[in-house]
Amino acid sequence: MALKPIFLAVCLSTLSMGPVTQVLAQASVTAPDPRAVKADMYLPGKVGALITDLDIRARFTGGGKGVIYRLGAKGAGRIVHADSATGTLTDIVTEATLTPMLTAQGVKIEGVADVRPLDYDADKKVLKLAVNGREWLYEAGALKPVIPPAKDDGLMSPDGKSKIIARNYNLWLVDVATGRETALTTDGSYDRRYGQNYPLLGAMAAANSETPDARIAAQWSADSQKLVTYRMDRNGSYIWHAVQQNPPGSQFPREFSYVYPTAGAKDVPQIHPLVIDVAAAGKGGLSPVKLLDVPSLSLLWPGDPPIYWDESGKVIYEWQARGYGEITLYEVDPVTGKADLRVREALKPLVTVTSSGIRNAPELGGYLVISERSNWAQLYFIKRGEDPNGGKALTKGAWEVTEINHVAKDGVILITGIGREAGVNPYFKSLYRVTLDGKISHLTPEPLDHEVKVSDDGQWIIDRMSSPTVPTKTVLRRAVDGAIVAELGRADPSVLLATGFTPPEPFETLADDGKTKLYGMIYRPANFDPSKSYAVIENVYTGPTTHRFGESYEDNVVASTNALAQYGAIVVTIDGRGTSQRGKVFRLPAYQNLGEVGLDDHIHVLKAMKAKYPYFDLNRVGVYGGSAGGYDTARFLLRRPDFYKVGVASSGNHDLRLDKAWWPEVSMGIADDATWERNSNISVAKNLKGKLMLIHGDIDDNVPVAASLRLSEALIKAGKPHELVILPNTNHAVFQPYYWDKLTGYFVTNLIDVKP
């Protein structure tokens with residue numbers, strides 16, 4: 001982005017504007033950078049409009065009897081229904097027909113309505129749709145609004161006779177007919193609350209209150225007699241304080257106090273599961289509250305714990321040890337509180353919860369477990385009452401099960417897996433049919449990435465298949481054998497390609513061990529010229545809870561990497577060792593080593609790219625990322641300062657001890673202070689040689705702004721020039737026009753326009 005001559009414009013504005021100065025000022029202010037114009041076209045919120053039917057918004061209706069979806073370019077859309085059994089496609093209505101109906105009812109529409117189909121009753125021929133966030137019903141050629149139900153101030157019982165409300169950290173039972181209230185708990189306080197979690201800073205700022213409305217985290221039993229919920233004890237955990245310096249509608253700053261458990265902290269809030277005998281409440285005698293005989297759960301992020309009723313009326317409670325050395329599932333008698341341990345998963349050095357999981361499967365009389373005990377995430381079945389540490393392997397091999405999509409009573413299980421098929425990119429997802437005797441069949445055999453939805457009845461599959469280079473095709477399949485019943489739509493990128501868009505390119509090479517494959521993506525400017533030399537910018541996120549490689553066509557075309565490339569750079573993404581879904585051995589280098597993991601793999605891949613494409617200028621390498629990618633950005637510059645020259649780090653968790661506890665502890669386990677310090681960006685601030693910009697929102701409730709401020713302070717103390725941008729009234733998601741201008745301007749000035 002060419003920098004505007006701001007000084008000239010400001011000087012001219014102080015003079016009387018004659019004809020010549022008017023022309024000069026106008027030219028200096030309004031002349032657009034053609035690179036910025038092209039980049040704007042490819043921004044994530046805009047580029048999708050250049051691809052017809054990239055996402056047809058297909059969804060099941062009638063439990064799986066049909067599929068409703070949208071086809072057509074913007075302004076020429078139509079809603080279509082597919083009959084699952086026959087594959088028959090029927091047009092329901094066009095957007096051109098709906099638009100005048102909507103405008104007649106006061107809906108503001110630019111051009112033609114962009115309709116999102118929600119449901120369709122094929123028997124009654126009633127279409128439910130959404131436009132501009134409001135729902136409508138289309139029937140017999142007429143359109144009427146859906147009147148949203150009145151907001152309920154409580155948790156209604158299944159029989160509709162009672163509801164639960166929260167007041168002053170306690171739970172109350174309300175008789176719907178009479179309004180009579182009965183206290184279910186009485187000892188609630190800020191430090192000891194029932195059925196409600198600690199609110200996030202963002203919710204407080206939005207409500208201008210430290211006690212914003214919060215939903216009640218409880219679940220009624222099917223007979224409306226009992227309630228399963230929890231008591232939250234602060235347990236001496238630290239109370240954070242944040243200041244919103246420029247709150248909307250106020251002249252003065254606002255301060256908020258909140259609970260935010262951090263990694264490595266000695267004390268974090270504790271969750272104690274309990275059952276309330278609602279039927280006995282208010283009748284005198286013993287308290288209706290029964291604490292369950294299970295270990296308390298450490299709150300590592302302000303989310304509700306997995307406590308729920310199963311079909312037999314037992315309470316299911318999933319627990320994890322602090323540091324993730326163990327995860328378990330308990331089955332609890334709600335009357336006595338006695339618990340039976342049904343599943344236990346314990347691995348060294350820890351259980352990686354993003355590659356492991358437990359599912360209560362009453363349909364099968366037991367439990368399904370995704371475990372890495374073989375070094376690969378595979379599916380196991382444990383019958384109720386059998387050894388909780390055992391189980392029968394239903395899948396095996398050097399690949400990963402990533403999701404359990406559906407479980408049927410006849411023992412058929414639908415799962416998503418990656419890396420099983422030889423010769424196929426190991427990140428591409430596929431759907432498989434597995435039985436309890438270990439038989440497995442591949443339902444999506446095309447060598448592409450498959451994003452699937454399974455119908456409620458488990459009989460049908462909506463499959464969006466694509467790759468980074470193959471546009472999306474959406475089909476309806478039978479779940480019994482994967483046969484395609486109907487093609488629903490396919491993406492048409494012709495308008496996008498007509499702009500000169502250069503499609504992204506997948507890249508693979510061997511690591512320095514000569515056998516481990518490493519993958520990346522390359523994004524080039526439109527109308528790319530291989531005879532030129534290009535600065536290289538890496539968009540980074542190396543967290544071991546995920547991977548950066550975008551498997552699908554949509555992942556790669558609707559990405560900010562394409563927009564940034566238009567400024568005249570090659571933009572890349574790379575997955576080095578330490579990231580997920582390539583097996584335990586591939587990820588394990590990240591354990592207690594987030595400060596160093598993957599750095600040399602990234603450089604190795606960039607050099608391999610340079611060997612293939614000489615126009616990569618590795619003397620001009622930049623990096624940017626957000627959240628854990630912000631941490632990565634800074635550590636790349638600070639730990640490999642001779643290779644990475646310019647970085648923009650947004651919302652970075654630069655000292656992991658200032659981050660919410662779950663994310664770092666998933667990879668760090670229970671670490672000592674020296675280990676946390678070794679993995680901190682702040683400890684290596686003195687190494688900075690290049691140009692670094694730190695960006696953070698002032699009310700970030702995911703990674704507190706303190707993380708960037710402390711790194712900035714360390715850089716100042718080390719005498720290292722850098723830039724710090726604090727975005728007011730901004731949470732963890734910093735992407736906004738000002739952020740984009742700062743990021744692109746920084747790279748243009750310090751990297752792209754720097755002469756080789």
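Computation of the quantities below employed the complete heavy-atom set of this structure, encompassing side-chain atoms and omitting hydrogens, waters and symmetry-equivalent molecules.
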*Side chain proximity check, Leu414 to Val454, heavy atoms < 4.5 angstrom*: yes

*So do Val259 and Pro302 actually touch side chain to side chain, heavy atoms under 4.5 Å?*
no

*CG (Asp310) with more than 12 external heavy atoms under 6.0 Å*: yes

*Rounded to the nearest 0.5 Å, how far apart are CG of Asn170 and OH of Tyr194?*
7.0 Å

*How are the rings of His241 and Tyr238 set to each other: parallel, tilted or perpendicular (split at 30° and 60°)?*
perpendicular

*asked:* Are more than 12 heavy atoms, taken from residues, nucleotides or ligands other than Arg710, located less than 6.0 Å from that residue's CZ atom?
replied: no

*Could you check if a side-chain atom of Phe381 sits within less than 4.5 angstrom of a side-chain atom of Leu364, using non-hydrogen atoms only?*
yes

_Would you say Arg587 and Ser667 are linked by a side-chain donor-acceptor pair, where the criterion is simply a distance under 3.5 Å?_
no

_Between Ile418 and Val401, is the side-chain contact (heavy atoms from CB on, under 4.5 Å) condition met? List the steps._
CA-CA 7 Å; Ile418 59 174; Val401 176; over 6 Å; no

*asked:* Using a strict threshold of under 4.0 Å (side-chain N to carboxylate O), is an ion pair present between Glu331 and Arg342?
replied: yes

*asked:* With a 4.0 Å cut-off on N to O distance, would you call Glu400 and Arg582 a salt bridge?
replied: no

*Are Asp223 and Ser221 close enough that a side-chain donor and a side-chain acceptor fall under 3.5 Å?*
yes

*Kindly say whether Arg192 contributes a backbone atom to a donor-acceptor pair with the side chain of Ser189 at under 3.5 angstrom?*
yes

_If you define the side chain from C-beta out and look only at heavy atoms, does anything of Trp376 sit under 4.5 Å from Ser355?_
no

*Checking His547 side chain against Gln581 main chain: does a donor-acceptor pair fall under 3.5 Å?*
no

*Donor + acceptor pair across side chains of His696, Ser650 (<3.5 Å)*: no

*With salt bridge (charged side-chain N to carboxylate O under 4.0 Å, His left out) as the test, would you mind laying out the steps for Arg215 and Asp304 before giving the verdict?*
CA-CA 10 Å; Arg215 74 179 191 88; Asp304 296 321; 2.5 Å; yes

*Verify the distance criterion only: is there a donor paired with an acceptor across the side chains of Asn389 and Arg344 at less than 3.5 Å?*
yes

*Mark yes when over 12 heavy atoms from residues, nucleotides or ligands other than Lys453 sit less than 6.0 Å from its NZ; otherwise mark no.*
yes

*asked:* Within a 6.0 Å radius of atom CG on Asp213, are there more than 12 heavy atoms belonging to other residues, nucleotides or ligands?
replied: no

*Looking at Asp233 and Arg231, does any basic side-chain N land under 4.0 Å from a carboxylate oxygen?*
yes

*Donor on one side chain, acceptor on other, Asn729 and Gln244, under 3.5 Å*: yes

*Is the side chain of Asn653 donor-acceptor paired with the backbone N or O of Leu656 at a distance under 3.5 Å, no angle test?*
no

_Asn681 side chain to Tyr631 backbone, donor-acceptor under 3.5 Å_ = yes

*Lys226 backbone acceptor or donor facing Asp277 side chain under 3.5 Å*: no

*Carefully, step by step, assess Asp191 and Arg234 under the rule salt bridge (charged side-chain N to carboxylate O under 4.0 Å, His left out).*
CA-CA 5 Å; Asp191 292 334; Arg234 185 168 67 87; 2.5 Å; yes

_Looking at Thr730 and Pro728, would you say the former's side chain and the latter's main chain have a donor-acceptor pair under 3.5 Å?_
yes

_Thr229 to Ala217 - nearest heavy-atom pair and separation_ = OG1-O, 2.8 Å

*Straight-line distance of Asn593 CG to Tyr591 OH, nearest 0.5 Å*: 11.5 Å

*Exam field: side chain Tyr260 to backbone Lys660, donor-acceptor pair closer than 3.5 Å*: yes

*Is there a side-chain contact between Lys314 and Val332 (heavy atoms, below 4.5 Å)?*
no

_Test item: Val540 and Thr633 side chains (from C-beta on) under 4.5 Å apart, heavy atoms_ = yes

*Any side-chain donor-acceptor pair under 3.5 Å between Ser209 and Thr211?*
yes

_Backbone of Arg180 reached by a side-chain donor or acceptor of Asp175 within 3.5 Å_ = no

*Are the side chains of Val369 and Glu345 in touch, meaning some heavy atoms are under 4.5 Å apart?*
yes

_If only side-chain N and O atoms count, and only distance matters, is there a donor-acceptor pair under 3.5 Å linking Asp267 with Ser237?_
no

*Donor-acceptor pair, Ser224 side chain versus Asp159 backbone, under 3.5 Å?*
yes

*Using a strict cut-off of less than 4.0 Å between a Lys/Arg side-chain nitrogen and an Asp/Glu carboxylate oxygen, indicate whether Asp340 and Arg384 qualify as a salt bridge.*
no

*Flag yes if more than 12 heavy atoms outside Lys584 fall under 6.0 Å of its NZ atom; otherwise flag no.*
yes

*In sequence, state the C-alpha distance, the side-chain angles, and the governing distance for Ser298 and Gln270, and then conclude on side chain to side chain donor-acceptor pair (under 3.5 Å).*
CA-CA 5 Å; Ser298 295; Gln270 296 297 302; 3.1 Å; yes

*Determine yes or no for a side-chain-to-main-chain donor-acceptor pair under 3.5 angstrom, with Glu665 supplying the side chain and Gly264 the backbone.*
yes

*asked:* If the threshold is 4.0 Å, N to carboxylate O, is there a salt bridge linking Glu403 and Lys429?
replied: no

*Taking the six-membered ring for Trp and the single ring otherwise, decide whether the centroids of Tyr198 and Tyr190 are under 6.0 Å apart.*
yes

